**Student:** 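Sending over a structure as structure tokens; questions will come in a sec.
Just so you know, these numbers come straight off a predicted model, no measurement behind them.
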Amino acid sequence: MEISEDSLFQSVKEIVRQSREKVFRIANSTLLLTYWQIGKLIVEDEQQGKERAEYGKYTLKKLSEKLTLEFGKGFDESNLRNMRSFYHALPICDALRHELSRTHYRLFHSQ
């Protein structure tokens, strides 16, 4: 049984499309977990077991400078604040998968 050229193309195209979608989902969930973990570490460092963080520590500024030198853009203070807020919004890691829709994943990824 021969597969026509168009049918072969459509089949290969569908495999590539599905693979790309899978990679996209895995990359997004990995990034979200990374952002959540960074946010958790920031909160823990700032609060050091206390109910609230001390202000004026300049933690985010210093951390941002070091991360930007090491990894390039994407770690400015506002992004680190977003990661901290993300952790505050969903402090239970298992909630990431269960509570976030695909739209939420895209919104967090675009920040």
Side-chain angles (χ1 to χ4, degrees):
M1 177 172 148
E2 273 188 45
I3 298 178
S4 73
E5 247 181 74
D6 190 51
S7 179
L8 175 62
F9 170 75
Q10 293 301 324
S11 296
V12 170
K13 182 174 105 174
E14 183 60 19
I15 290 169
V16 171
R17 190 195 64 71
Q18 288 175 3
S19 295
R20 285 181 175 175
E21 180 65 26
K22 185 176 181 180
V23 168
F24 178 77
R25 282 192 314 269
I26 291 168
N28 274 344
S29 64
T30 301
L31 281 173
L32 283 175
L33 181 58
T34 300
Y35 297 158
W36 185 89
Q37 290 172 324
I38 292 169
K40 181 178 191 278
L41 288 173
I42 290 169
V43 168
E44 288 173 350
D45 179 77
E46 287 177 338
Q47 293 181 347
Q48 296 185 1
K50 298 174 189 161
E51 178 97 11
R52 300 183 63 111
E54 290 180 31
Y55 293 96
K57 282 181 65 177
Y58 302 104
T59 301
L60 294 184
K61 179 179 170 67
K62 293 175 195 171
L63 183 60
S64 171
E65 290 169 357
K66 289 180 178 182
L67 288 171
T68 300
L69 280 173
E70 182 74 24
F71 299 109
K73 65 181 184 173
F75 295 98
D76 60 29
E77 287 183 71
S78 66
N79 281 346
L80 294 177
R81 275 193 298 277
N82 287 338
M83 292 175 202
R84 180 178 59 196
S85 296
F86 181 43
Y87 171 75
H88 277 300
L90 288 169
I92 300 170
C93 185
D94 290 338
L96 290 178
R97 262 185 300 167
H98 303 296
E99 293 195 22
L100 295 180
S101 70
R102 190 175 177 143
T103 303
H104 289 105
Y105 282 115
R106 286 188 177 143
L107 286 174
F108 283 117
H109 179 66
S110 67
Q111 290 185 359

**Student:** For the pair Glu21 and Arg17, find out whether any cationic side-chain nitrogen is under 4.0 Å from an anionic carboxylate oxygen.
**Tutor:** no
**Student:** We want to know whether Gln10 and Glu14 form a side-chain donor-acceptor pair, criterion being a heavy-atom distance below 3.5 angstrom.
**Tutor:** no
**Student:** For Lys61, check salt bridge (charged side-chain N to carboxylate O under 4.0 Å, His left out) against everything at least two apart and list the hits.
**Tutor:** Glu65
**Student:** Quick one: pull up CD in Gln37 and CG in Leu32 and give me the separation to the nearest 0.5 Å.
**Tutor:** 11.0 Å
**Student:** So, applying side-chain contact (heavy atoms from CB on, under 4.5 Å) with Ile38, which one of Val43, Leu67, Leu80 is it?
**Tutor:** Leu80
**Student:** My understanding is that only residues two or more places apart in sequence, or in another chain, count here; which of them pass salt bridge (charged side-chain N to carboxylate O under 4.0 Å, His left out) with Arg20?
**Tutor:** none
**Student:** Please assess Lys40 against Met83 for the test side chain to side chain contact (heavy atoms under 4.5 Å, CB included), listing each intermediate value before the final yes or no.
**Tutor:** CA-CA 8 Å; Lys40 181 178 191 278; Met83 292 175 202; over 6 Å; no
**Student:** About how many Å separate CD of Glu46 and CG of Leu63, when rounded to the nearest 0.5 Å?
**Tutor:** 9.5 Å
**Student:** Enumerate donor-acceptor pairs with a distance under 3.5 Å from any side-chain N or O in residues 69-76 to protein atoms, sequence neighbours excluded.
**Tutor:**
| from | atom 1 | to | atom 2 | distance (Å) |
| --- | --- | --- | --- | --- |
| Asp76 | OD1 | Ser78 | N | 3.3 |
| Asp76 | OD1 | Ser78 | OG | 2.9 |
| Asp76 | OD1 | Asn79 | N | 2.8 |

**Student:** Rounded to the nearest 0.5 Å, how far apart are CZ of Phe24 and OG of Ser29?
**Tutor:** 10.5 Å
**Student:** Rounded at 0.5 Å granularity, tell me how far CG in Asp45 sits from CZ in Arg84.
**Tutor:** 11.0 Å
**Student:** Tell me whether Trp36 is reachable from Leu31 by hopping between hydrophobic residues (I, L, V, M, F, W, Y) whose side-chain heavy atoms are closer than 4.5 Å.
**Tutor:** yes
